[in-house]
Each structure stands twice: as C-alpha cells, then as structure tokens.
**Student:** 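My structure is below; once you've seen it, I'll send some questions.
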Amino acid sequence: MASGRRTSASDGERARRGRASYDAADSGGSFISGRMALVFVIFLFAALAFVGRLVYLQVVVADEYSEEARSARSVDISITPKRGTIYDRNGRVLATSVEATTIYCNPNEIEDANAAATSIAQVLGGKKEDYLEPLTRAETAFAYIKRQADVEQADKLRAAEIPGLYYVSDSKRVYPNGSAAGQIIGIVNIDGEGLTGLENYYDDILAGEPGSLHMEQGLTGIPINGTVQTTAAVPGKDITISIDIDLQQKLEKTVVAMAKDMKAASGQSVVLDGSTGEILAIASSPLLDPTNTENIEEHAAECQCITRAFEPGSIFKSVTMLAALENKAVTSADSFYCPNLLPADEYYVSDAHERENETMTATQILVRSSNVGISLIAKRMGFDKLNSAISTYRLDARLTGVDYPGESAGYLLDFSQWSRIQGYNISFGQGISETPLQMARFYGALANGGVSWQPHFLMSRGDGEEVSWKSETIVKDTDALNKLIEMLKLVVEEGTGTGAQIPGFAVAGKTGTAEYVDEDHREQGYLLDHYNNSFVGFLPDTDSKLVCFVGATEVPSETATTEVFQDIMAYAIERYNINSIQE
C-alpha cells in the first residue's frame, strides 16, 4: 500500500510536470509567433513604402521627371519673326526686316577651337578671342556665335565646313534711310521686341509671333537624328505712318543746326496738319540713329516734343487773347493803360524789355508781346474764365492721345490755388507747362476753323486698313477766331515775329521767350538770362492747314527761332505746292 501511494504521488508529480512543460512550450511558441509578426509588419510597411514610392515616381511626378530629362538633353532656339514694314505717307520704306542667319555651335563637337575661332573672325570680323569663349564653353551643348548675321557672311562661313557650327534662318531690322526719323521709328532688341518709338507703341501689330527650333541630343551633346523640330515664325503686319521722310530729313537737319548755333540744350520742331492731326515731321535734338545703338545720348531715344513739357511763354498769349475775344471781354481795338511795372501781391509783372508807361490797344499788346498788357486783359476777363478756356482748348494738363510712348500731359495748377500773380503769369505762359505738340495742336485748330484733331502718326495698318481719329470743335466763335488770326498776322508783319515772313505768303504766328527753372536748383527760381525760345505759326490765306512749331530750350540768350520756322515752311510750300487763296 505504501508502494501504491508512492506510485500515485509519482504519477501526480509527473502530471504536474507535464502540465508545466506544456505551458512552457506554449509560451515559447507565442514568443516566436510575435517576433515573426513584428518582422512581417516591418516588411509590410517597407513594401508599402516601396510601392508608394513607385506610384509617386511613375504616376504623380512621372511627367515632371520626364520633362526634366527631356530638358537636360534638348535645346530650343527662338526664331525671330519678320517684323512688319513701316512706310512713310508716300510709301517709302522707313524700317523693314530682311533675311539673316543665326550661327551657333555645340562646344562638344568643336575639334580645334583656336582654328575655328580664327576662321570665324576672318569671315564675321572681330578678334579670334571674341569667339573662343562660346566655342570652349564647358558643360553645354549650345552657344551663340552670332545672331542675325548677314546671309552672305553666314554662307561663306558655312562653306568652310567647320565641325560643330550650325545655322538657322532668321531676320533682322534695317533702316533704308539711315538715321532719319529714328526717334519716331524707334529701335528693337535682338529678339525683335520694340523698345522705343512706334516700334514699341505698335509692337503688337509689327512683331508677329516667334518661331522655334527644337532638337534633342545624346550624352555627348551630339544631336539625335530625326529629333529636330521647327515651328515657323509668323510675320508681323505692316503700318503706314504720316511722316514725310523728305520733310523729316529737312526738319532734323535744321533742328540740329539751330541747337548748335544757339547753344541750346535741345532744338525741337513739329509740322502738323491742322485739318487731319497728321504729324508730317517731328524731331528733337539730340537725334537717335537706329543703325547705331551702342552709344545713345541722353534723351535721344525720345521725341521731346511729345515727352517733355516746358513753360511756353508768349506763344501762350494767343490762348488768353482768344479766350478774352470769345468772352466779349475785349475787342481788338480796346485800349489799356500799361504801366512798366504791374503790382501783383508782393510781386511785379514787367515786360521783357524796359519801357515807359504807355497805353496800348489789345492788338498792340499781342503784336508787341506785352506781359503787362495781357495780364490786364486776363484780369478784365476774369481768371475763372481763363481757366475755363484753357480747359476748353484742351491745354489743362490733358494728354493729346498721340500714338507715341511716354507722352507728357504738362502741368496746370488747380484753379482753387490761383493767386493774382499766378493768374497773371499763366496769362503769358509762365507757371504752366505744355508740350510743343500740345501747342501745335492748338494752333492747328486756329488754322482749321476752330476744329482740333487728335495728333497721330498711324494712317493705315495690315492690308491697308484705315484708322480713324477723333476731332472736336474747341473754338465756336468764328468771329473771335478770325480777329485773333488778323492779330497774329500783324505779329509777323510788324511785331516780334518779322523773321518768320515768307515772300508771297501771309504768316500768322507768335513768338515765345520764356524763363525756366533750373530743375537742380528749384529753390533759386527762374534762371536769369536763360530762356526757352519758340515760334509757332501757319499760313492762313492758303489751301494748306500746316502748322509749324520751332523751339530751342535752355538758351543763354533771347535768340529768335522765327528764321528757322521760315526755312522749314518755305520748304513745305515748295514741296506741297501750297497756294495762296485770293479773297
């Protein structure tokens, strides 16, 4: 029995141990399974990341990477379109585009850069060193040798068969009349974009659409056969402008000579047709030569007759006199006592030259260009009516709308700030600024029966498409207008403008001698013994409505510009066969 109990105990022990061994084995299996699960999860996340990366590369950014790869092995060359031709009013070519050739190289294909540079310099000109840099440029398969080269030069270089040089048909701008009308025409850059003048203003018409040459290259930079693609350039459209190149050349020559003789900062002139608003000739010195743009003088690229306003001085007295006549404030025979000094606030108004106190008629005031007299006329009329007339005549710091970049509007003080001295000053053209073109437009309206036309250059575009421009009546009292014209004729016959006389023709016009402020020292006020001198006039008793303005700025004397007007208008009379009309 004792033996049976031991056996029974031993069996129980073994049973307990069996259960313990089973529990331990079960615990070890769970540990292994957990570790395998962790490894599986890590692998799963890695796989998902890898798949996600593949999806991102092949789907999300595939196009971007593909484009980068294509860009790395491709070259694009812009082909300048043939710009539209600019014609003068008589069909003469002012600016046009001709065939040219752009030459470029693949530095990776250049076998002997020194020899190639020497050959290129012999054909294109310049020094060998000028071409070594593009021929030896590192890490690129493209470099320009010369853009828009002459076709003949390019063909000669092509015949030399220099490995690595390539040629693309192109076009470039040329000017058959050289520097003539350069300020008006303007210039273009190497990409054919208009930078100044009408090339800039009408760039959307003239420019056309650029073409392109696309090619792909291998690892060494050698072009891959069959990958060259060309998109043809679309040529621009032509325009015809109002300039008469023969008159323009005459005017430019005269203006430059005048500026030199008078020691002026700038000589300026405009010839405008008052019956249409067409600008036949216009220029300011220094001139712009579009055939040589390496060294452009200050202000040469702009026509200052349009872009720069000045204090007009006595040519503005016609504005005040017309306003007084229209407002019935004065008649041509009315008399005014004109002291030699006219007090105004704490200032005094005086005439340009000393004189005694005297009485003058309204006509004499204009003929002798009296500052005191015109001030008294403005005072009688009322400064408010003068201000209103200036607005009616479109001289109130308002753009003419001329089709040229950078037009200046001039300056006129707000009427609420006018003092007596400012009212007087404005009446004779001081304290107000206008451009020569604005004054030419006003006098054009006088010549055209009171009707003012928007000044402009463009006459037609494209395939002869005509362009319309605005006109408006700014002088409604024809009797007042005719009386003013008679006064202006006397200015030339016996007054300050006798130098403008043209044998066989009546001339109506007005001289101007205005002081100006030194912009660098404005606090010092007007400069002494320095003037802006001008004359503007027309031929009233003829079949022509041409108006001519001539001005010289910052002149160290009161030198008259009347003879320059006479020279230009005498040329115009002969050129256009202008005839007097007998009453």
**Student:** Restricting to side-chain contact (heavy atoms from CB on, under 4.5 Å), what partner residues turn up for Ala560, sequence neighbours left out?
**Tutor:**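 Residues passing side-chain contact (heavy atoms from CB on, under 4.5 Å) with Ala560: Thr562.
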**Student:** Name all residues meeting the salt bridge (Lys or Arg N to Asp or Glu O under 4.0 Å) criterion together with Asp88; count only those two or more places apart in sequence or in a different chain, and write none if there are none.
**Tutor:**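 Per chain and number, Asp88 pairs via salt bridge (Lys or Arg N to Asp or Glu O under 4.0 Å) with no residue.
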**Student:** For the CZ atom on Arg394, are there more than 12 heavy atoms of other groups (residues, nucleotides or ligands in this structure) within a distance under 6.0 Å?
**Tutor:**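 For Arg394, atom CZ is crowded (more than 12 foreign heavy atoms under 6.0 Å).
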**Student:** My understanding is that only residues two or more places apart in sequence, or in another chain, count here; which of them pass side-chain contact (heavy atoms from CB on, under 4.5 Å) with Tyr348?
**Tutor:**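 In terms of side-chain contact (heavy atoms from CB on, under 4.5 Å), with neighbours along the sequence ignored, Tyr348 is linked to Leu341, Pro343.
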**Student:** List the residues meeting ring pair (Phe, Tyr, Trp, His ring centres under 6.0 Å) with His456, not counting sequence neighbours, and say none if there are none.
**Tutor:**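 Residues passing ring pair (Phe, Tyr, Trp, His ring centres under 6.0 Å) with His456: Trp469.
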**Student:** Tell me every residue that passes ring pair (Phe, Tyr, Trp, His ring centres under 6.0 Å) with Tyr571, counting only those two or more places apart in sequence or in another chain.
**Tutor:**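 Residues passing ring pair (Phe, Tyr, Trp, His ring centres under 6.0 Å) with Tyr571: none at all.
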**Student:** With sequence neighbours excluded, give me every side-chain hydrogen bond (donor to acceptor under 3.5 Å, both in side chains) pair touching residues 272-290.
**Tutor:**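 Qualifying pairs: Arg89-Glu278, Gln183-Ser284, Asp273-Ser275, Asp289-Thr291.
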**Student:** Mind checking what makes side-chain contact (heavy atoms from CB on, under 4.5 Å) contact with Asp203, not counting sequence neighbours?
**Tutor:**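 Asp203 satisfies side-chain contact (heavy atoms from CB on, under 4.5 Å) with Arg83, Ala207 only.
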**Student:** Taking only residues two or more places apart in sequence, or in another chain, which ones meet Tyr424 in a ring pair (Phe, Tyr, Trp, His ring centres under 6.0 Å)?
**Tutor:**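 Tyr424: ring pair (Phe, Tyr, Trp, His ring centres under 6.0 Å) contacts with Phe383.
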**Student:** Could you work out, with ring pair (Phe, Tyr, Trp, His ring centres under 6.0 Å) as the rule, every residue matching Phe442, not counting sequence neighbours?
**Tutor:**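 Scan of Phe442 (ring pair (Phe, Tyr, Trp, His ring centres under 6.0 Å), adjacent residues dropped) gives Tyr393.
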**Student:** Please list all pairs passing the ring-ring contact (aromatic ring centres under 6.0 Å, His included) test where one or both residues lie in residues 272-298, with sequence neighbours left out.
**Tutor:**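 Non-adjacent pairs meeting ring-ring contact (aromatic ring centres under 6.0 Å, His included): zero.
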**Student:** When you measure from the side chain of Glu472 to the backbone N and O of Trp453, does any donor-acceptor pair fall under 3.5 Å?
**Tutor:**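 Answer holds: no.
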**Student:** Indicate yes or no for a side-chain donor-acceptor contact from Thr307 to the backbone of Ser408 under 3.5 Å, with no hydrogens or angles considered.
**Tutor:**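 Absent.
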**Student:** Using the side-chain hydrogen bond (donor to acceptor under 3.5 Å, both in side chains) rule, collect all pairs that involve residues 337-347, keeping only residues at least two apart or in two chains.
**Tutor:**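 Listed once each, the pairs are Tyr337-Asn357.
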**Student:** Which residues pass the side-chain contact (heavy atoms from CB on, under 4.5 Å) test with Asp396, sequence neighbours left out?
**Tutor:**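 Counting only residues at least two positions away or on another chain, Asp396 forms a side-chain contact (heavy atoms from CB on, under 4.5 Å) with Ile390, Ser391, Arg398, Leu412.
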